[in-house]
Every structure is written in C-alpha cells, then in structure tokens.
Asks: 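Sending over a structure as structure tokens; questions will come in a sec.
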Amino acid sequence: MLCILGPSGCGKTTLLRVLDGLLPPTAGEVLIDGQRVTGPCRDVAMVFQHFGLFPWKRLDQNVAYGLELLGRPRAEVRAVVDHYLRLVGLAGFERYYPFQLSGGMQQRAGLARALAVNPSVLLMDEPFGALDAQTRETLQEELLRILDREPKTVVFVTHSVDEAILLGDRILLLTPRPGRVREILAVELPRPREIAQVRADERAIKLRQHIWDQLRAPARAPASV
C-alpha cells in the first residue's frame, strides 16, 4: 500500500482522480499494468471519504451496483455481495438503507462495494477521516485484515501520520500547493500489524518524527519577499 501525506490543498484528491481517469494529467501520463489511463478503468475502484452510497438503495443494492453495471449474472451478483458483506462484517444488514447505518457501517459498505468488482487497484480518499477515533482504529485493523486475505494494490490518501505508518508499505510526502513529491519513505515494519505494536515500535517512532519534521519544514521556512 502506498499512503499519500501532504498539507490540505496540495492536490492529494486531485492525484487520485487522475489515477482513476476522472481528470486528465496536465503533464506526463498514468500507466496501469503498462496501459495508458485515458478514462475510468474497470480495474480501478475508488472508496470516497463520504461513503458515496445511494440513499434510495438498500445495503445489498449499493454493494451490487458496480457488478450490475458490468452485466454480471444475478446469481453471481448475489454470491459476491454476500461474500463481501460478510468480509466487512455487515452480514445481516443487507436490507438496511444507508440512513439506518452508522458512519462506520456506511464506510464498510463503501469498501465492500469497491472490493466486489475485484479491482486490481483500490484508490482510497481519506476514507476514515470523518469517523470517530475508536471507529477509525477499528476500520484500520479491518482493512489490514481484509487486504491480508485479498491483497490489492492500494493508494491511500490520509492526513494522519500514524495511519500512514500503520497501513503503508511506502509513504509519499507531498509539498504544499502546488504539490510536488518531497520524499518517498519505506515503512520497514513487519506484517501482520497491530496498532499497539506499531505505536511501540522504535522504527515507527523514528519514522513518525522524521515525517513530522518534513511536514513542518515549510511552516518554519522564512517567507519569500
């Protein structure tokens, strides 16, 4: 997993939209499996910060949406939806509507919908940012568990240094606007990971301090005149 960190407004979400083919790059090109991205790709799925569920659809209908667009047979859709609802811990809530679910449950549903189409690349735009601290940590551990069972290439945008260290194999640091690559850091922590173990690991502590030093550096630099 590649985690992207940077100040607000530096272009993290814009970068994800370019990777997803929703926006054209102003320079250069995006390649996925050697193929140039010129528009939305069926092998790429996005998980949004604000869930992105259709309020008029039940939970199972929301998760099935991408599969139905692909024209999958009804029996296959039902089996895949059931599988991913169990995987994210939402079995039994199939006939609930989004307004009947907590924020954490809605985000699980968004993740299930993205995974159901079996993408090769999963783009996650600060998916846990709007959740309370306890729910956020629960979903972080759930995501680690899910990706351990069903590995994906993941690009994960976050404002949380701790979240990036917990989840990421690499961390991409961006400069303030206009965002440019400041540094790419390897997260040399073994997997599987647990939050308590990562927090206590000396390597994670040193990496966290280094990242904060880099993120604070622009604020300490003298203003140009």
Side-chain angles (χ1 to χ4, degrees), residues 1-5 12-13 15-22 30-37 39-53 59 62-70 72 76-77 79-91 104-129 131 136-160 162-172 184-195 198:
M1 182 186 302
L2 174 68
C3 289
I4 301 177
L5 278 171
K12 299 184 294 296
T13 296
L15 177 57
L16 282 193
R17 292 182 180 277
V18 171
L19 296 178
D20 199 26
L22 299 175
V30 176
L31 300 176
I32 296 179
D33 290 332
Q35 299 297 314
R36 184 167 177 262
V37 174
C41 177
R42 64 179 297 173
D43 289 330
V44 180
M46 176 88 82
V47 179
F48 299 95
Q49 179 177 357
H50 297 294
F51 319 133
L53 301 178
L59 176 58
N62 266 287
V63 176
Y65 179 71
L67 294 167
E68 292 171 345
L69 287 181
L70 295 173
R72 300 290 174 81
E76 179 186 342
V77 171
V80 171
V81 168
D82 288 346
H83 168 71
Y84 282 103
L85 287 178
R86 289 194 303 271
L87 189 66
V88 301
L90 288 177
M105 295 169 77
Q106 290 185 51
Q107 195 55 279
R108 289 172 187 262
L111 178 59
R113 182 174 63 184
L115 292 172
V117 296
N118 193 29
S120 60
V121 178
L122 186 61
L123 306 176
M124 306 189 76
D125 187 9
E126 204 175 353
F128 309 145
L131 304 175
R136 182 173 188 152
E137 290 190 0
T138 298
L139 289 185
Q140 288 168 351
E141 291 188 330
E142 284 293 301
L143 180 60
L144 289 171
R145 177 185 62 81
I146 290 168
L147 294 178
D148 183 58
R149 293 183 58 179
E150 299 188 7
K152 302 285 183 186
T153 296
V154 181
V155 181
F156 190 105
V157 164
T158 179
H159 279 97
S160 169
D162 291 328
E163 185 169 68
I165 293 173
L166 173 68
L167 299 178
D169 299 295
R170 293 179 298 156
I171 298 174
L172 173 66
I184 300 177
L185 301 164
V187 182
E188 297 176 347
L189 299 173
R191 293 182 183 272
R193 296 176 186 169
E194 295 181 0
I195 291 176
V198 170

Asks: Give the C-alpha distance, both sets of side-chain angles, the deciding distance and a yes or no for side chain to side chain contact (heavy atoms under 4.5 Å, CB included) between His83 and Glu150.
Replies: CA-CA 12 Å; His83 168 71; Glu150 299 188 7; 2.8 Å; yes

Asks: Using the test salt bridge (charged side-chain N to carboxylate O under 4.0 Å, His left out), find all partners of Asp162 that sit at least two apart in sequence or belong to another chain.
Replies: Arg208

Asks: Evaluate the criterion side chain to side chain contact (heavy atoms under 4.5 Å, CB included) for residue pair Leu122 and Leu111; output intermediate values, then yes/no.
Replies: CA-CA 9 Å; Leu122 186 61; Leu111 178 59; 4.1 Å; yes

Asks: Nearest 0.5 Å, what's the CZ-CG distance between Arg191 and Asp148?
Replies: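 One finds 8.5 Å between CZ of Arg191 and CG of Asp148.
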
Asks: Is it true that, when you exclude Arg145 itself, more than 12 heavy atoms of the residues, nucleotides or ligands shown sit nearer than 6.0 Å to its CZ?
Replies: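 Count over threshold, so yes.
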
Asks: Any idea which heavy atoms bring Ala64 and Val77 closest together, and the distance?
Replies: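 Of all heavy-atom pairs spanning Ala64 and Val77, the closest is CB-CG1, 3.5 Å.
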
Asks: Are the side chain of Arg193 and the backbone of Ile165 linked by a donor-acceptor contact shorter than 3.5 Å?
Replies: yes

Asks: Using the rule side chain to side chain contact (heavy atoms under 4.5 Å, CB included), only one of Leu22, Leu123, Val155 pairs with Val44; which is it?
Replies: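 Result: among Leu22, Leu123, Val155, Leu123 is the only option passing the side chain to side chain contact (heavy atoms under 4.5 Å, CB included) with Val44.
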
Asks: Under 3.5 Å, is there a donor-acceptor pair between the side chain of Ser120 and the main chain of Asp43?
Replies: yes

Asks: Check Leu53 against Ala109 and note the closest heavy-atom contact, atom names and distance.
Replies: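 Scanning both residues, the minimum pair turns out to be CD1-CB, 4.0 Å.
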
Asks: Can you establish whether the number of heavy atoms outside Arg149 located under 6.0 Å from its atom CZ is more than 12?
Replies: no

Asks: Determine the minimum heavy-atom distance between Arg113 and Asn62, stating which atoms define it.
Replies: CD-O, 2.9 Å

Asks: Could you tell me whether a side-chain N or O of Arg108 sits under 3.5 Å from a main-chain N or O of Glu142, the two making a donor and an acceptor?
Replies: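 A pair under 3.5 Å: no.
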
Asks: State whether the side chain of Asp125 and the backbone N or O of Phe48 hold a donor-acceptor pair below 3.5 Å, judged by distance alone.
Replies: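 No, the answer is negative, given that no donor and acceptor are paired below the 3.5 Å cut-off.
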
Asks: Minimum heavy-atom separation for Ala164 to Leu5, with atom names?
Replies: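 Answer, listing the atom of Ala164 first, then Leu5: CB-CD1, 3.8 Å.
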
Asks: Go through the steps to decide whether Met105 and Leu90 satisfy the test side chain to side chain contact (heavy atoms under 4.5 Å, CB included), and finish with yes or no.
Replies: CA-CA 7 Å; Met105 295 169 77; Leu90 288 177; 3.9 Å; yes

Asks: Ignoring hydrogens, what is the shortest heavy-atom contact between Ala45 and Ala114? Give both atom names and the distance.
Replies: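 Reported closest heavy-atom pair: CB-O, 3.8 Å.
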
Asks: With a cut-off of 6.0 Å (strictly less than), are more than 12 heavy atoms of other residues, nucleotides or ligands near CZ of Arg17?
Replies: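 Counting other residues, nucleotides and ligands, CZ of Arg17 stays at 12 neighbours or fewer.
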
Asks: Given 3.5 Å as the limit, does a donor-acceptor pair link the side chain of Lys12 with the main chain of Ile4, or not?
Replies: no

Asks: Out of curiosity, Leu185 CG to Asp169 CG, how far, rounded to the nearest 0.5 Å?
Replies: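 If we round to the nearest 0.5 Å, Leu185:CG and Asp169:CG are 13.0 Å apart.
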
Asks: In Å, rounded to the nearest 0.5 Å, how long is the span from CG of Leu85 to CG of Leu59?
Replies: 5.0 Å

Asks: Enter the distance from Leu139:CG to Phe128:CZ here, rounded to the nearest 0.5 Å.
Replies: 5.0 Å

Asks: Tell me, with the steps shown, if Leu143 and Met1 meet side chain to side chain contact (heavy atoms under 4.5 Å, CB included).
Replies: CA-CA 11 Å; Leu143 180 60; Met1 182 186 302; 4.1 Å; yes

Asks: Report the residues that fulfil salt bridge (charged side-chain N to carboxylate O under 4.0 Å, His left out) with Glu163, sequence neighbours left out, ordered by chain and then residue number.
Replies: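 Listed in chain order: Arg136.
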
Asks: How long is the span from the CD atom in Glu137 to the CD1 atom in Ile195, to the nearest 0.5 Å?
Replies: 4.0 Å

Asks: Which pair of heavy atoms, one from Leu167 and one from Cys3, lies closest together, and at what distance?
Replies: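 Between these two residues, the closest heavy atoms are CB-SG, 4.2 Å.
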
Asks: Can any side-chain N or O of Arg72 pair as donor or acceptor with the backbone N or O of Leu67 at less than 3.5 Å?
Replies: no

Asks: State, with a plain yes or no, whether a side-chain heavy atom of Ile146 is found less than 4.5 Å away from one of Lys152.
Replies: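 Answer no - side chains too far apart.
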
Asks: To the nearest 0.5 Å, what is the distance between CD1 on Ile171 and OG1 on Thr158?
Replies: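 Reported value, rounded in 0.5 Å steps: 9.5 Å.
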
Asks: Without swapping roles, check the side chain of Gln107 against the backbone of Pro127 for a donor-acceptor pair under 3.5 Å.
Replies: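 Yes; at least one donor-acceptor contact below 3.5 Å.
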
